[in-house]
Structures are given as structure tokens and as C-alpha cells.
Q: 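Supplied in C-alpha cells, the structure appears directly below.
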Amino acid sequence: MHSRHSNGSDRSPEHISLLSQNDSSPGYGAAEADTEEGDEARPLLQSSAAASLRSLQNPLKKGGRRWPTIAAVTILGIAIIAIILGAFFAPTVLEEYAKEAVVIEPTSLSIHEFTSKGVIARVQVNFHMDAKRVKNKDIRNIGRFGTWLARKVQSEKSIVEVYLPEYGNILLGTAAVPSIVVDIRNGHTTSIDFLADLEPGDVKGIKQMANEWLGGRLANVRVTGKATVALKSGLLHLGSQHISESLVLKGNDIPSVPEYNITRLNIHEVPVSANGRRGMGADVSITVANSYPIGLIIPPLSFDILVSNCGQQDPYIRLADATTGVITIEPYKYVNVDVGGIVRDLPQSLLQTCPNSKSSPLDLLLADYIHGNDTTIFVRGSSLPSPETPEWVSAIMSSITIPVPFPGRTFDKLIKSFTLTDSKFHFPSFFADPDEEPAVSGNVVVIAGLPKEMNFGVNITRVRASADVLYRKEKLGVLDLKKWQNATSERIEPKDGGAALLKIQSRIEKAPLHITDDAVLQKLVLKYVSGDRIDLKVAALVDVEIVTVLGKLVVKELPAEGLVPVNAISNGTSFASLKPQVGDLKILSTSRTSLNLQARVNFTNPTVYSAEVGYVNIHILNNGSIIGDATARNIIVKPGNNTDILVEATWDPASFGGKRAAAIGRELLSQYVSGYNTTLSFQTHEKTFPNEPNIGKALKDFTITVPAPRFSSPSNDPPDGEDDNRPHFIKDATFHVFTSTAQFTLLSPLKYSTLFVEEINATALYNHTEPVGTIDYDLPFKVPPGASQSPKLPVEWSVGSVGYDALKSALGGTLKLDAKGTVGIRLGQFKETIWYAGSGIGASIRF
């Protein structure tokens with residue numbers, strides 16, 4: 001234990017007193033401005049030294065109170081009071097005067113040097129006696145007179161001990177104070193500048209108080225200073241005085257944890273072993289506000305960085321090592337601290353799922369951080385400190401754990417783009433599980449911005465998510481990606497000083513799509529088929545499996561959103577681009593009013609989307625009435641041409657729509673076989689997709705109308721090579737004038753069934769209006785698959801008509817004729833009578 005004294009000429013620039021002053025004060029007997037009444041009315045403190053301690057900050061910050069100089073001022077206050085008490089032989093009166101009149105104004109406290117046992121502190125204060133603070137007039141006058149006579153008092157070297165009575169009276173620390181000389185006359189100011197050896201006391205007690213302070217549980221604290229001081233005035237030795245002084249700090253007297261700001265954060269890979277193993281390093285720059293008149297140079301320090309465990313009672317988990325360089329602290333200036341941290345590996349306890357939870361401590365930590373919430377990490381002095389750090393500093397630091405709020409950051413704007421390509425939609429089969437929903441497959445490509453502080457390799461291997469799908473800010477449904485999907489990632493280096501990007505690609509397979517709002521689906525489909533592009537917004541919480549140098553970890557519920565453009569199915573005017581064709585038509589069964597058909601359908605998918613449909617049933621309409629339905633099972637629709645799609649259909653207008661529909665069906669058949677431009681409409685219903693009735697109902701109000709498909713067969717080619725995209729059932733005809741008969745070459749689209757013509761009542765016309773002859777025949781004849789010849793049908797010529805004359809003129813040649821009439825047909829049990837109007841039939845005229 002030793003002490004040092006330094007005079008004003010030895011002060012270094014950073015330790016120059018901030019508030020030192022020398023006031024010219026009147027001597028004893030001089031007139032004073034205050035009145036006795038004013039003196040009596042002035043509030044008094046039990047101890048003027050204590051009052052000085054409580055008002056240390058008045059010259060610095062109005063209304064504020066400061067902590068760092070409390071220890072120094074307590075030490076000095078005890079010494080000054082001892083000097084005054086020992087100077088006189090009227091201790092009771094002068095003790096009261098000394099306690100009330102002494103004023104100590106701290107100007108600076110700095111750490112001059114760290115030693116193996118403590119620190120050497122430089123204390124700078126201004127001292128003076130203020131008689132106005134003494135309430136009792138007699139005590140004030142006696143005190144002023146005595147101190148005027150003594151003028152100055154000097155203390156010898158002494159040891160001051162500071163205790164904490166509320167904590168078992170533990171020793172907070174000791175100070176070796178050098179000899180001090182002060183002017184004790186009223187109004188005279190003494191600038192004191194000295195070095196004191198400070199040593200910490202009971203480390204356990206200090207830890208207990210520090211933890212209560214850090215935890216916000218320290219409402220007040222009482223400190224007691226004790227010292228035995230030898231005094232003299234001039235050549236007169238005044239003996240030794242035992243001094244004990246207490247001070248209670250409350251509220252704002254107790255300082256708070258200083259504010260700080262993280263100005264730089266750089267996370268990167270670093271080597272952690274000689275064999276090439278790498279870990280994660282973090283370089284952090286922090287600015288801390290120093291609001292106190294304290295200055296010191298802190299040696300390099302080492303810390304353990306800890307994070308919370310599953311429960312509050314569980315021990316903290318050590319995550320990283322951190323070190324600081326030399327830290328220079330100057331009074332009332334911001335302090336810049338550079339911290340380097342290293343994460344060597346991820347402890348297993350950090351990754352294990354907590355009891356009764358689905359999250360690990362790492363999940364909980366990252367969840368707060370990536371959602372912009374402040375997290376808390378814990379800093380504790382390392383058990384393996386730097387060799388440059390004194391042992392006593394390490395002992396105190398390693399026993400104290402400091403909670404440090406760590407500001408989170410939001411990742412809401414992290415996703416730059418979100419696209420879904422090579423899309424395929426899946427619909428359940430008729431016999432699927434009732435809970436099976438439509439699903440989506442496709443390639444997901446995400447471009448994400450990387451925070452500038454992330455300067456290490458990131459390899460994303462799997463992703464999963466639960467995504468809301470929205471159309472015009474309204475929720476359409478939920479895309480369920482809860483199953484892990486394999487993924488790859490590629491870092492895109494920044495250009496022109498921008499931020500780096502991460503390209504993430506993943507193939508999703510049969511992700512369920514749950515439609516939650518039928519009205520939104522209706523709006524979307526109407527817009528889609530009208531020819532407008534649709535932008536669907538996907539808002540998701542994504543779990544990402546990341547491989548880093550620390551190993552594999554999962555970051556949960558990372559917010560992501562993007563737009564998925566959906567190109568229109570048509571130009572909004574028609575669906576002619578579908579180009580449907582029907583071939584290989586089979587009659588599966590018949591009834592009096594119905595036909596059950598099977599056919600191979602070819603069509604063009606004008607979109608870039610694919611679909612896998614397990615079962616779909618759709619109503620067929622004409623002129624607003626349902627005339628049948630069509631069913632497809634286990635089909636795959638791809639972009640572009642789709643061929644040989646097996647479809648089953650039912651033609652039964654009477655059963656689906658009653659008499660009106662039966663009449664409409666009859667008219668449709670007549671127009672179709674006559675080569676008119678006919679259309680069919682398709683409409684969904686509640687059972688279109690058995691597992692998703694809402695989809696069928698949502699689309700029910702929208703019908704798709706396409707041209708009636710052309711039946712294709714090897715023999716159903718247009719005459720003379722002409723392709724007018726119309727069905728042709730009569731290829732040609734031969735008229736025999738002499739026998740008054742006509743024979744027709746008929747083309748049947750049926751490859752497997754025979755059609756019967758039950759009766760014919762028709763007229764042949766020349767030039768569209770001039771009758772040539774009539775056929776009225778009621779004997780059934782067969783029309784087998786492919787091309788066939790009808791029997792010779794009797795003709796009653798329209799003798800004398802323009803048409804008949806044209807017929808005779810064409811004898812031996814050909815003539816283009818039209819035909820109109822009614823035809824009764826039968827197919828199995830199905831019977832129907834239709835009208836027929838054919839034009840441009842090539843007829844050979846024979847004798």
C-alpha cells in the first residue's frame with residue numbers, strides 16, 4: 001500500500017481539472033450579504049460533506065446526480081472533516097460546523113494506472129468552507145472564528161475503508177490517501193489534486209450489489225467510510241481522529257447502465273485451429289456515452305458471450321469469446337470500443353428442442369432478432385483472461401454477468417423477387433381421400449438481399465413455409481409448404497457498391513393449396529379468362545436450413561413475400577385457340593334419350609402452366625341449358641399440344657334439363673350435322689372436383705364457350721381436299737334419272753358402332769332454292785363405321801322445274817346440289833329426329 005501526491009504542474013492534458021476555481025474571499029470579520037434571518041431559513045443537511053456528495057453534479061448538469069466520484073469524494077470528505085475536528089479543542093461545536101460548512105466540488109477522477117492489486121486514481125476537487133450553510137448562528141460564528149485563526153490544516157497519510165452496511169457490512173474497497181493541506185477559512189477555495197491507491201474489497205459482496213444494480217433491483221444503497229487521520233496545523237500536531245461517515249444514495253443518485261450504439265457489425269469466417277477448421281467471427285464497433293467526469297485507460301479485456309437457455313432457471317449457454325483492445329475513456333466524451341468475437345462451434349444445448357416446445361434456444365433467439373425485436377445477450381468476464389488484464393479485474397468481471405440489449409432488425413424487405421415457373425396444378429381423383437386438396441408443383445426462384453454485415457458463405461439446402469396467397473390484397477388461400485423441399489443457393493456479388501444477393505432455387509412437389517375465399521377465386525378467374533395478366537401475392541413465413549462453417553442450422557419463420565405473375569389463358573375474346581378435336585369416338589351405352597360416349601380429345605393449352613387432374617366432371621351447355629356432362633380421369637395437361645386425352649361424356653338433354661333442354665339438344669344436333677358453326681359451353685358445379693366443392697361452386701357463374709369439336713376419322717376428310725373446318729357426313733351422291741333413284745356416300749365418325757337411318761324426308765335443291773326432286777323413304781338402313789353407300793333411294797323428280805332442267809343438262813357430268821329435310825336416326829336404343837341442311841354436295845348425274 002502506498003500513495004503519491006502530484007501538484008498542478010504535473011497534470012497531463014487529459015487530466016486537467018474541468019471545474020477548478022480560486023475565489024477571492026473576505027477574511028474573518030468582513031461584512032456578509034446574508035442576514036441572520038436568511039441564515040436561519042436556509043435548509044440544512046445533517047452533513048455538509050454528505051450534501052456535497054448529493055450535489056456533485058450541480059455544476060455539470062442541472063438537476064442531475066452522478067456516481068463515479070462518490071468514492072473519491074467520500075474519502076476526501078472524511079479526511080477534511082477530520083482535519084477540522086482535530087484543529088480545535090471544542091470538538092462538539094466545531095464538529096457541527098465542519099459537517100455543515102464544508103463544500104467539496106469534484107472536477108475530475110481518472111485512473112492513472114492499473115496495478116496488480118487495484119488502481120492508482122487521480123482525484124481533482126475544489127474545497128472550501130461555506131459558513132452560510134450552518135444553521136445555528138453561534139456555531140457559525142465560533143466556527144468561522146476558529147478556522148480563521150487556524151487558516152490551514154494538514155492531514156497525514158491515511159487509509160480510508162468504505163463499507164456496505166446493507167450487505168453484511170462487507171468491505172467495498174480501501175484507499176490510501178496522501179497528505180493533504182487545505183485552507184479552512186470561510187470562502188477560501190483550495191484546489192486539491194492527488195493520487196490514491198484504491199484496492200477492491202470483498203469480491204462476492206461487490207458481485208451481489210452489481211447484479212442487483214444490473215437487474216434494476218437496487219433502489220438505494222448506503223455506504224459508510226471509516227478512517228483514522230493524524231492532523232497538524234503548522235508546527236502544532238493535533239493528534240489522530242477516528243472518523244466515520246455514512247451516505248445513502250437513492251433514485252437518480254444511482255447511475256443507470258450507459259447508453260450505447262452499434263456503429264459497425266461485420267460477420268465473417270475466421271480460422272479457429274491449426275488444422276484448417278473455421279469458425280465465425282464478428283467485428284463490432286460500439287459508441288458509449290460517458291456522462292461522468294471520469295477518465296481512464298482500460299487494458300485489453302476478454303469476455304464470454306452468453307445467451308438464454310430454455311428456462312430462466314437454466315444456466316446460460318456460452319456462445320462466443322470476445323476481446324477488446326485498449327479502451328481510452330475521457331470525461332464527458334463518447335467512448336469508442338472495438339470488440340472482436342469468435343464463435344468456434346454451436347453448442348448442442350443451443351440446438352436442442354426445449355421441453356414442451358417445438359423451438360430450441362437458438363430458434364427463440366433468432367425469432368426475436370429477425371422480427372425486429374430487441375434480444376438480450378449476456379456478457380461475463382472470461383475465465384481465461386488476457387495476460388495484460390490484472391487478476392483482480394478478471395476476478396470481479398468473471399463473477400458478474402451483464403445483460404446487454406441487442407437491437408433486432410426486420411427482414412420484411414429482404415426478398416427482392418419471388419417467381420414460380422414450370423407450374424403444374426394437381427387435382428384429386430374421384431376416389432381420393434376426402435381431405436386431399438388441390439396441389440401445386442413448380443420451380444421457385446427467390447432473389448434475396450443479404451445484409452451488408454453478412455460476409456460469410458451461406459448454403460441453403462432445404463426450405464419449408466406456410467404461405468398466404470392473396471389477390472388484390474384479399475386472401476385467396478394458403479399454400480402449404482410445411483414439408484421440407486430441397487433447395488440450392490448461389491451468392492451474387494454486389495456491383496457498384498450495392499448489397500450482395502442470394503439466389504435460392506427449389507422445386508416444390510404437390511404443395512397443397514387450400515382455397516379459403518370462393519368470392520376471391522371468382523374474381524381471379526374472371527380476370528384470368530378475360531385476357532388480363534394476374535399478379536398473385538405470396539406472403540410466407542419461411543424456415544430455411546442453412547449450412548455454414550459452424551454446421552447445419554435452421555432459421556425459422558423468416559418473413560418473405562413476392563409477386564407471382566399468372567399469364568392469361570386467352571386474349572379475352574374467345575377460346576378458339578384451344579382448337580379442340582374429337583377422335584376415336586366410342587358408344588359405351590345408350591338409352592332412349594341418352595348416349596354414353598368415350599373419345600380421344602386433342603386440344604392446345606395456350607398457357608405455360610401444366611395440370612395433373614385425378615378427376616374432373618363438367619356440365620355441357622348450349623343456349624343456357626345443360627345437355628350433358630364430360631368426365632376426365634387421371635389426365636396430365638401440359639403447355640402446347642395435348643393429344644389422346646381420354647374423355648367420357650353423357651348426352652342426355654332430357655334428363656339434365658327437361659323438355660327445353662331436349663329441344664335445344666335436338667336443334668344443336670341438327671345444326672351440327674348440317675355443318676353450321678355451333679358452340680358448346682362448359683360449366684363447373686359443386687361436384688366438379690369432389691374433394692373441393694368450393695372450387696366448383698366458385699367457378700359456376702363463369703362458363704367457357706368453345707367451337708363444337710370436329711370429329712376426325714380416316715374417312716372423314718372434306719370433299720375435293722377442301723378444309724372448311726366443318727363436319728361432313730355426305731361425301732357425294734349419284735342420281736339415276738332413268739330409275740328415279742339416288743345413292744349417297746355417307747361418312748360416319750363412329751369407328752365401332754353402326755348408325756341406323758330410320759326415315760328420310762328430304763328435297764334436293766339447285767342453286768339453293770330450285771327443287772330438283774324429293775326423297776320420302778321410311779325403311780331403315782345401316783350406316784356402318786367409315787365410308788359406306790346408302791341403298792338406292794326413290795326420288796320423285798320436280799318435272800318442269802328449273803332444278804330438274806339443270807339436272808338433265810348435267811346428264812353424264814356432275815352438279816352441285818343442296819339438300820334439306822328431316823332424318824330419323826337410331827343408335828342402339830337412342831332415337832332422335834333431326835333436320836338436315838347440306839350445301840355444295842357433289843352429285844354425279846347418270847342416265
Side-chain angles (χ1 to χ4, degrees), residues 262 264-286 302-309 316-325 338-353 359-370 375 377-379 382 384 404 406 408-409 411 414-415 446-464 484-494 498-506 542-558 560:
I262 298 176
R264 183 177 70 94
L265 175 61
N266 179 32
I267 305 174
H268 55 95
E269 295 179 11
V270 294
V272 294
S273 66
N275 62 6
R277 190 168 68 90
R278 299 179 71 80
M280 204 72 74
D283 299 328
V284 186
S285 294
I286 302 173
S302 298
F303 301 94
D304 293 337
I305 306 300
L306 314 171
V307 295
S308 296
N309 210 321
Y316 295 129
I317 300 172
R318 182 172 174 269
L319 177 62
D321 305 324
T323 58
T324 65
D338 291 326
V339 183
I342 296 178
V343 180
R344 302 180 185 277
D345 52 36
L346 296 177
Q348 191 62 30
S349 57
L350 186 68
L351 305 176
Q352 288 179 339
T353 302
S359 300
S360 67
L362 180 62
D363 296 335
L364 299 174
L365 179 69
L366 292 177
D368 282 337
Y369 178 72
I370 65 179
T375 58
I377 61 175
F378 301 89
V379 178
S382 175
L384 298 174
V404 178
F406 192 79
R409 60 166 298 166
F411 286 78
L414 189 67
I415 304 300
V446 176
I447 303 297
L450 289 176
K452 290 185 177 181
E453 57 265 25
M454 289 180 60
N455 295 295
F456 57 88
V458 175
N459 182 21
I460 295 178
T461 55
R462 294 194 302 171
V463 296
R464 65 183 179 186
W484 283 110
Q485 312 286 332
N486 292 330
T488 59
S489 62
E490 175 188 358
R491 183 184 176 97
I492 304 174
E493 294 301 328
L501 300 174
L502 191 67
K503 182 179 181 181
I504 307 168
Q505 300 182 82
S506 177
V542 183
D543 294 347
V544 180
E545 185 181 76
I546 302 176
V547 177
T548 69
V549 294
L550 297 175
K552 187 180 296 184
L553 65 149
V554 175
V555 180
K556 294 183 178 180
E557 296 187 349
L558 187 67

Q: Out of the candidates Ile492, Val446, Ile460, Asn459, only one should pair with Leu502 under the side chain to side chain contact (heavy atoms under 4.5 Å, CB included) rule; please name it.
A: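 Among Ile492, Val446, Ile460, Asn459, the one that satisfies the side chain to side chain contact (heavy atoms under 4.5 Å, CB included) with Leu502 is Ile460.
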Q: Please report the C-alpha distance between Thr323 and Val339 in whole Å, then the side-chain angles of each, then the deciding distance to 0.1 Å, and finally whether the side chain to side chain contact (heavy atoms under 4.5 Å, CB included) criterion is met.
A: CA-CA 6 Å; Thr323 58; Val339 183; over 6 Å; no
Q: For the atom pair CZ (Arg344) and CZ (Arg318), what is the distance rounded to the nearest 0.5 Å?
A: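 So the gap between those two atoms works out to 7.5 Å.
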Q: Is there a side-chain contact between Thr488 and Glu490 in this structure, where contact means two heavy atoms from C-beta onward sitting under 4.5 Å apart?
A: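 Heavy-atom side-chain distance check fails, nothing below 4.5 Å.
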Q: With rounding to the nearest 0.5 Å, note down the distance linking CG in Leu351 to CG in Leu362.
A: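 Answer for the CG-CG pair, Leu351 versus Leu362, is 6.0 Å.
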Q: Could you pull out the closest heavy-atom pair between Val379 and Phe303, with the gap in Å?
A: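 Scanning both residues completely, I find the closest heavy atoms to be CG1-CD2, 3.4 Å.
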Q: Is there a side-chain contact between Leu501 and Leu450 (heavy atoms, below 4.5 Å)?
A: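 No; the side chains remain at least 4.5 Å from each other.
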Q: Using a 4.5 Å cut-off on heavy atoms from C-beta on, say whether the side chain of Met280 contacts that of Ile267.
A: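 With C-beta onward as the side chain, the pair touches.
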Q: With a 4.5 Å cut-off on side-chain heavy atoms, are Ile504 and Val544 touching?
A: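 Sidechains of Ile504 and Val544: no contact.
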Q: Distance from Leu550 atom CG to Glu269 atom CD, nearest 0.5 Å?
A: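 The distance works out to 8.5 Å.
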Q: Any heavy-atom pair between the side chains of Ile317 and Pro361 that's under 4.5 Å?
A: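 The answer is yes; the side chains approach within 4.5 Å.
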Q: Rounded to the nearest 0.5 Å, how far apart are OG of Ser308 and CG of Leu319?
A: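 That separation rounds to 11.5 Å.
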Q: Check whether more than 12 heavy atoms from other residues, nucleotides or ligands sit under 6.0 Å from atom NZ of Lys556, and answer yes or no.
A: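 Enclosed: over 12 neighbouring heavy atoms sit under 6.0 Å from NZ of Lys556.
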Q: Can any side-chain N or O of Ser359 pair as donor or acceptor with the backbone N or O of Asp363 at less than 3.5 Å?
A: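 Not confirmed, Ser359 side chain does not pair with Asp363 backbone.
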Q: Is Lys503 close to Ile447 at the side-chain level, that is, under 4.5 Å between some pair of heavy atoms?
A: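 Counting from C-beta outward, Ile447 and Lys503 do come under 4.5 Å.
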Q: For Phe456 versus Thr548, what's the shortest heavy-atom pair and its separation?
A: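 Between these two residues, the closest heavy atoms are CE1-CG2, 4.4 Å.
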Q: Compare all side-chain heavy atoms of Glu557 with those of Asp543 and state whether any distance is below 4.5 angstrom.
A: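 In contact.
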Q: So do Asp338 and Asp283 actually touch side chain to side chain, heavy atoms under 4.5 Å?
A: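 Counting from C-beta outward, Asp283 and Asp338 never come under 4.5 Å.
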Q: Rounded to the nearest 0.5 Å, how far apart are OH of Tyr316 and CD1 of Ile305?
A: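 Nearest 0.5 Å value for the OH-CD1 distance: 13.0 Å.
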Q: With rounding to the nearest 0.5 angstrom, report the OG to CD1 distance, Ser285 to Ile262.
A: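 Going from the OG atom of Ser285 to the CD1 atom of Ile262 covers 10.0 Å.
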Q: Can you see which heavy atom on Asn266 is nearest to which on Arg264, and at what distance?
A: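 The pair with the smallest heavy-atom distance is CB-NH1, 4.1 Å.
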